[in-house]
Protein chains: 2
Amino acid sequence: MRRSTRKEQEPDLGVLAVQLSARVQREIFARAAEQGFDDVRPRHGAVLAYLDEEGIRPGELARLAGRNKQTMGAIIDELERLGYVRREPDPADRRARLIVPTERGLRVMVASDQYVRDIEQSLSARLGADRYAEFRAALVQAAASLPASGHDTEG
Amino acid sequence: MRRSTRKEQEPDLGVLAVQLSARVQREIFARAAEQGFDDVRPRHGAVLAYLDEEGIRPGELARLAGRNKQTMGAIIDELERLGYVRREPDPADRRARLIVPTERGLRVMVASDQYVRDIEQSLSARLGADRYAEFRAALVQAAASLPASGHDTEG
DNA sequence: AAGATATAGTCCAAAAACTTGACCGTCCAA
DNA sequence: TTGGACGGTCAAGTTTTTGGACTATATCTT
């Protein structure tokens, strides 16, 4: 069998991982756009995924999302301009800032968490709860068995 | 528990998929670089993953990798300049081209397939062959249950 | 307490990546 | 045999990421 056909019909772990990640992302942003969050793009996911009600530092966001600090700063700029987050001083460290969600930011957090839960539940229904739980555990182990990004600050 | 902590400690499907995909990619390119393929970047993966000994069309590559034709053309330009592929006429259709791997291209295909197999086997050893097989099957279903990219040409 | 060093975040310029729209040649079906 | 679709490319513009430098504050060492 031709390699390209094989990769399509019996995709390897790399191909599968890329596909799953792209499709989950796509689904989330499609739904978000439908519900009025049509000004956020996939890039913003790096921040939105880890935003915190109590505020979180840019550097911490960068670490969690595997981006460097400059990129994260640029994404935050945009989300601030779009009205999803505010920069506030961090009382614990005067060098630092806290990225705090606005009202709209809180709503997109809640909504996107719901989209992911929907995807997870739909998959759980398809596979059965037991198999889904096993799948999820295996996914965690798979990710954990490989080294992380190694950007500026690393998690 | 804070949302950001929760996302780190009990990552959802979206986070896990992104992590796995990034780490597998990273691992492959790190190993490739070690073995002398230090001029390919992650971007080139879209082509290298689907290259074919017998040649494959740019449009087909674009479909498989979920990029549009222009992006694919640019990646092919680079890989051609780097000596991994050649553009040849397609005897079956005078509009079309065939992207054919060079000697070096063949070597990187073999090598990267091996890296992925190594990752898969290491994970299989960690989980046990049965659980790994189940994991892989679930991954296929998960990816298949979500719509694909929807670019220019779509698969 | 002072100085050295590290850390948090930002600015700027450049490189890399992707998108949009147009275009030419070839195929194919009415 | 002509009109529309397809395969691929070109060129321009936008978005995204990177690399290097810089300020301010914190922390560590003596």
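All values derive from a computational prediction rather than experimental measurement. Quick note on labels: first sequence line is chain A, next is B, and so on, each numbered from 1.
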If you group Ile, Leu, Val, Met, Phe, Trp and Tyr whenever their side-chain heavy atoms sit less than 4.5 Å apart, what else falls in with A:Val100?
A:Leu98
Residues from residues 88-96 of chain B lying under 4.0 Å of DNA chain C - heavy atoms
B:Asp93, B:Arg94, B:Arg95
At what distance, to the nearest 0.5 angstrom, does CG of A:Asp52 lie from CG of A:Leu61?
9.0 Å
Nearest-nucleotide pick for B:Arg57, side chain only, options being D:dG8, C:dT19, C:dT10:
D:dG8
If I take atom CG in residue A:Leu64 and atom C1' in nucleotide C:dA8, what distance separates them, rounded to the nearest angstrom?
15 Å
Given atom CG of A:Leu61 and atom P of C:dA8, what is their separation to the nearest angstrom?
13 Å
Taking Watson-Crick and G-U wobble pairs with both distances under 3.5 Å, convert DNA chain C into its dot-bracket string, 5' to 3', dots for unpaired and | for cross-strand pairs.
||||||||||||||||||||||||||||||
Just how far is it from atom CG of B:Leu13 to atom CG of B:Leu146, taken to the nearest 0.5 Å?
8.0 Å
Can you tell which of C:dC18, C:dT19, D:dT16 lies closest to the side chain of A:Glu78?
D:dT16
Give me the residues of residues 27-50 of chain B where at least one heavy atom lies under 4.0 Å from an atom of DNA chain D, by number, or none.
none
Considering non-hydrogen atoms only, spot the tightest contact between B:Glu120 and B:Tyr132 and give its length.
CG-OH, 3.2 Å
Among C:dT19, C:dT10, D:dT17, which is the nearest nucleotide to the side chain of B:Gln70?
C:dT19
Restricting to side-chain hydrogen bond (donor to acceptor under 3.5 Å, both in side chains), what partner residues turn up for B:Glu53, sequence neighbours left out?
none
Rounded to whole Å, CG of B:Asn68 lies from P of D:dT15 at a distance of 16 Å
Under the ring-ring contact (aromatic ring centres under 6.0 Å, His included) rule, collect the residues that match up with B:Phe135, sequence neighbours excluded.
A:Phe135
Once you round it to whole Å, what is the distance between C1' of C:dA8 and CZ of A:Arg63?
14 Å
Chi angles and distances behind the salt bridge (Lys or Arg N to Asp or Glu O under 4.0 Å) call for B:Arg81, B:Asp39:
CA-CA 11 Å; B:Arg81 187 173 53 73; B:Asp39 49 3; over 6 Å; no
Taking atom P of D:dT17 as reference, at what distance in whole Å does atom NZ of A:Lys69 sit?
17 Å
Is A:Arg31 reaching over with its side chain to a backbone N or O of A:Ser112, donor-acceptor style, under 3.5 angstrom?
no
B:Asp77 CG - C:dA16 P separation (whole Å)
15 Å
Rounded distance (nearest 0.5 Å) linking atom CD of B:Gln121 with atom CG of B:Leu123
11.0 Å
Rounded to the nearest angstrom, tell me the gap between atom CD in B:Gln25 and atom P in C:dA17.
13 Å
Given the structure, check if the side chain of B:Glu60 and the base of D:dG7 hold any donor-acceptor pair shorter than 3.5 Å.
no
Could you go through B:Arg104 and B:Arg107, starting from their C-alpha distance and side-chain angles, then the distance that decides it, and tell me whether this counts as side chain to side chain contact (heavy atoms under 4.5 Å, CB included)?
CA-CA 5 Å; B:Arg104 184 167 175 78; B:Arg107 275 196 314 243; 3.9 Å; yes
What I want to find out is whether B:Arg63 reaches B:Glu60 closely enough, with some N-O distance under 4.0 Å, to be called a salt bridge.
yes
In whole Å, I'd like the distance from the CZ atom of A:Arg67 to the C1' atom of C:dG9.
18 Å
Distance-only, no hydrogens or angles: does the A:Ser4 side chain make a donor-acceptor pair with backbone N or O of B:Leu51 under 3.5 Å?
no
For D:dT9, does OP1 or OP2 lie under 4.0 Å from any side-chain N or O of B:Arg97?
yes
